[in-house]
There are 2 protein chains.
Amino acid sequence: MFQALGDPTRRAMVERLSRGPASVSDLARPLAMSLSAVVQHLQVLEASGLVRSEKQGRVRTCRIEPAALKTVEQWIVERRASWERRLDRPADHLAEESEAPDKRRKR
Amino acid sequence: MFQALGDPTRRAMVERLSRGPASVSDLARPLAMSLSAVVQHLQVLEASGLVRSEKQGRVRTCRIEPAALKTVEQWIVERRASWERRLDRPADHLAEESEAPDKRRKR
DNA sequence: TGATTTGTTAAGCATTTGCTTGAGTATAAC
DNA sequence: GTTATACTCAAGCAAATGCTTAACAAATCA
């Protein structure tokens with residue numbers, strides 16, 4: 001998912017979709033590239049699980065998968081929490097050392 | 001930042017750093033690649049603003065930049081909020097249409 | 001029916017990415 | 001002072017990425 005969101009075009013597509021469902025052409029309209037390229041980006045987004053789409057007639061309607069966004073959000077939140085937890089207990093890592101060396105409790 | 005987090009190795013580095021500061025060799029230890037490669041990943045992370053590092057003596061100490069993580073988090077939260085806001089007011093987009101066509105209020 | 005709209009698929013191509021190796025430099029340890 | 005440590009920097013290279021064009025298929029429209 002992070003990799004999918006790593007591309008600015010795909011982020012623009014997700015932004016558009018966060019405001020509501022859209023067809024492939026809708027997604028392509030503001031983008032300065034071929035429809036084909038947009039379809040390829042869409043495939044990446046779908047493969048990542050961030051976007052889902054279904055086709056009725058000749059138009060494919062795409063929409064965001066909020067649960068997937070939540071997963072990404074969760075990853076970030078956890079890393080940040082892990083870091084902040086550290087700062088809240090100034091014990092232990094006062095020496096702020098590396099790791100491997102000094103595993104023994106003496107010295 | 002999304003692009004930086006798009007690589008699994010770099011995500012592992014961020015995970016490690018979320019548990020506390022580490023030297024370049026610390027970061028490299030669990031990774032199956034050359035130190036040089038790790039340094040290159042580190043450069044990407046620093047360029048993105050997600051990680052900061054400073055060198056004292058011959059060891060470079062790296063740490064996470066929580067504000068940057070917060071920025072990423074914010075982006076996700078906003079997209080998700082934008083989507084959920086939509087669902088809360090079932091007005092308007094009942095037809096769930098595309099966009100450009102039918103701008104006129106008749107029909 | 002024939003033309004148009006909407007999308008799909010494949011091939012090809014330039015650029016970017018994620019490494020490696022090898023040859024340094026500066027600090028710290030012995 | 002020699003040796004090990006902890007990086008640093010520059011090539012070089014294979015694979016992945018982000019496009020393009022072109023040919024095609026299926027709905028829908030006139």
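Any value given below was found using the heavy atoms of this structure, including those in side chains, with hydrogens, waters and symmetry copies removed. Every chain is numbered from 1 and lettered A, B, ... according to where its sequence line falls, protein lines coming before strand lines.
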Open item on the list: Does either side chain, that of A/Ser53 or that of A/Glu46, offer a donor lying less than 3.5 Å from an acceptor on the other one?
Closed with: yes
TODO: Mind checking the CD-CD spacing from B/Glu73 to A/Glu73? Nearest 0.5 Å is all I need.
DONE: 6.0 Å
Task: Those residues that, when tested against B/Lys55, pass side chain to side chain contact (heavy atoms under 4.5 Å, CB included) (two or more places apart) - done: B/Arg60
Task: Whole-Å gap separating C1' (D/dT17) and CG (A/Leu45) - done: 14 Å
Open item on the list: Is the phosphate of D/dA26 approached by A/Lys55 (side-chain N or O, under 4.0 Å from OP1 or OP2)?
Closed with: no
Task: Inter-residue atom distance B/Trp75.CH2 - A/Leu5.CG, 0.5 Å rounding - done: 5.5 Å
TODO: Quick one, give me the B/S/- string for nucleotides 18-30 of chain C, reading 5' to 3', where B means a protein heavy atom under 4.0 Å from the base and S means that only happens at the primed atoms, P, OP1 or OP2.
DONE: SBBB-----BS--
- [ ] Just jot down the side chain to side chain contact (heavy atoms under 4.5 Å, CB included) partners of A/Glu65, sequence neighbours excluded, or say none.
- [x] A/Arg52, A/Ala68
Open item on the list: Could you tell me how far apart A/Arg60 (CZ) and C/dT5 (C1') are, to the nearest whole angstrom?
Closed with: 16 Å
TODO: Specify the separation, in whole Å, of atom CG of B/Leu42 and atom C1' of D/dT8.
DONE: 12 Å
Open item on the list: Would you say that A/Glu84 contacts B/Pro66 through its side chain, given a criterion of any heavy-atom pair below 4.5 Å between the two side chains?
Closed with: yes
